[in-house]
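A quick write-up on the structure given underneath.
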Protein chains: 2
Amino acid sequence: MTIELNSDAFETAPAWTCIGRKAANPKDRVLNAATELFCHHGFAATGVDTIASRAGTAKSTLYAHFKSKEKLIDAVLEREGKAWRDWFFGRLGKIKGTPKDKLCAVFDILAEWFSDPEFYGCPFINAIGEATSENETLRNAAKVHKSHVNLWIQAQAMELGMERPDDLVREMTVLVDGAIVAAQVSRDSDFAQVAKSLIARRLGD
Amino acid sequence: MTIELNSDAFETAPAWTCIGRKAANPKDRVLNAATELFCHHGFAATGVDTIASRAGTAKSTLYAHFKSKEKLIDAVLEREGKAWRDWFFGRLGKIKGTPKDKLCAVFDILAEWFSDPEFYGCPFINAIGEATSENETLRNAAKVHKSHVNLWIQAQAMELGMERPDDLVREMTVLVDGAIVAAQVSRDSDFAQVAKSLIARRLGD
DNA sequence: ACGAAATCAAACAGGTCTGTATGGTTAAGC
DNA sequence: GCTTAACCATACAGACCTGTTTGATTTCGT
């Protein structure tokens with residue numbers, strides 16, 4: 001038995017998503033399949049039979065691990081959110097320079113994401129857009145996800161000695177969400193650079 | 001027979017949406033019901049039976065006017081897009097001042113929209129987020145809708161004598177889309193002012 | 001090697017989905 | 001008043017939906 005740390009699947013899968021990663025057990029295979037189908041074809045449009053079939057598992061196994069389709073969606077969002085953040089902060093950790101450099105680099109990293117042929121937008125935004133307006137569960141999941149990024153932005157703002165760090169957090173929210181959606185709608189990754197130019201000007205040329 | 005130009009339905013319905021407007025014929029009743037249900041509960045999650053029931057029409061009447069659910073979605077987006085633009089440009093027409101004033105005022109108008117309890121985000125963005133990545137029909141519908149707004153932005157940029165008017169168009173796209181999505185996810189209309197501050201700084205304080 | 005837990009395929013229950021067909025009823029133009 | 005078109009309720013077809021059940025089989029810890 002050899003542990004394939006450098007398997008092809010691991011090497012070729014986009015780092016910002018769980019889709020395509022090695023799955024050792026049926027539960028992870030279900031999560032992988034569900035993530036792929038939910039994100040590429042929509043949450044409501046994807047049935048559990050399709051997910052189990054794609055995962056190569058029995059439907060009963062799916063329901064043994066996830067109480068309902070809704071819980072499966074929650075689990076997919078949580079895992080996919082973590083995968084994205086790991087990738088994002090991993091890229092960010094390699095950026096050296098001032099906080100301003102790092103804040104601007106955020107949009108270079110987003111451009112990488114947008115350029116991937118498999119880019120399908122932000123799963124949290126897509127899920128909220130699809131759901132009933134009153135659905136607070138998805139909104140909370142999105143809030144948790146974004147709060148991780150916002151904390152980092154706030155730290156940069158404080159390191160810059162800004163009086164109201166939260167202002168920068170909110171500005172970055174608009175620019176990041178705007179770049180994501182504009183890139184998704186138009187299939188044009190250049191919107192990342194557009195957002196970058198706006199934050200650069202805001203932080204002083 | 002009196003024509004009720006000042007009926008309650010007309011007075012109380014939000015101006016930025018078709019939802020709640022008077023419908024004279026079954027076709028318009030179907031469009032009204034479909035718009036409301038699609039936008040509030042999602043496109044895939046809403047069935048044609050529910051739409052016909054809500055519209056007070058027979059399902060056969062629905063299919064007499066719209067060849068398929070997909071065509072109905074197209075018609076809803078087109079009509080709702082036009083309603084929104086009529087409202088938006090109507091508001092914009094009342095703004096007096098320089099092009100910079102008008103460009104900034106865009107976000108005050110968006111704030112009105114976001115503040116409405118019935119705000120459900122941009123139907124085009126939501127539809128694209130819900131659909132298969134390869135669906136070009138929805139992307140084209142969104143492109144047509146946004147192009148009307150973009151043309152106006154470009155005119156302002158040219159009036160300002162900017163060298164590259166298209167740069168401003170793209171910046172506004174990021175800020176408008178970002179404000180819409182941030183407001184939708186967080187239920188906080190203040191993101192309009194955040195976007196406004198960014199464009200104000202870009203156009204010179 | 002044995003017992004427990006996990007997984008499997010397949011069928012089932014009870015709805016709901018889109019789209020069509022049938023035949024009766026209303027409304028409008030001439 | 002008659003004709004024609006629009007609209008109505010209802011039922012149907014065939015597929016798909018979520019979730020459960022059954023009982024056989026495989027995996028795994030010990």
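As a basis for the values below, the full set of heavy atoms in this structure was taken, side chains included, without hydrogen atoms, waters or symmetry mates. Labels below follow one simple rule: chain letters A, B, ... track the order of the sequence lines, proteins then strands, and each chain is numbered from 1.
Each of A:Leu168, A:Val176, A:Val174 was checked for a side-chain contact (heavy atoms from CB on, under 4.5 Å) with A:Ile199, and the lone residue meeting it is A:Leu168. Of the candidates B:Asn32, B:Thr50, B:Ile19, B:Leu37 forms a side-chain contact (heavy atoms from CB on, under 4.5 Å) with just one, namely B:Thr50. Under the ring-ring contact (aromatic ring centres under 6.0 Å, His included) rule, B:Tyr120 has a single partner from B:Trp84, B:Trp16, B:Trp113, which is B:Trp16.
The aromatic rings of A:Phe114 and A:Phe119 are tilted relative to each other, their planes meeting at an angle between 30° and 60°.
In A:Arg54, the CZ atom is not crowded: 12 or fewer heavy atoms of neighbouring residues, nucleotides or ligands sit closer than 6.0 Å. Within 6.0 Å of CD in B:Glu136 there are more than 12 heavy atoms belonging to other residues, nucleotides or ligands.
Looking at B:Phe191 and A:Asp177, their side chains never come closer than 4.5 Å, going by heavy atoms from C-beta outward. In this structure the side chain of A:Ile95 never reaches within 4.5 angstrom of the side chain of A:Asp108, judged on heavy atoms. Side-chain contact between B:Trp87 and B:Ile109 is present, with at least one heavy-atom pair separated by less than 4.5 Å.
Heavy-atom contacts of chain A under 4.0 Å fall on DNA chain D between two terminal nucleotides, which in 5' to 3' order are D:dC17 to D:dT21.
Recorded end-axis angle for the helix from C:dA1-D:dT30 to C:dC30-D:dG1 stands at 30°, based on five pairs per end and rounded to 10 degrees.
Listed here is the closest heavy atom pair of B:Lys146 and B:Cys122: NZ-SG, 3.7 Å.
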*asked:* How would you summarise protein contacts on nucleotides 5-22 of chain C per nucleotide, using B for base, S for sugar-phosphate only and - for none, with heavy-atom distances below 4.0 Å?
replied: --SBB--------BBBB-
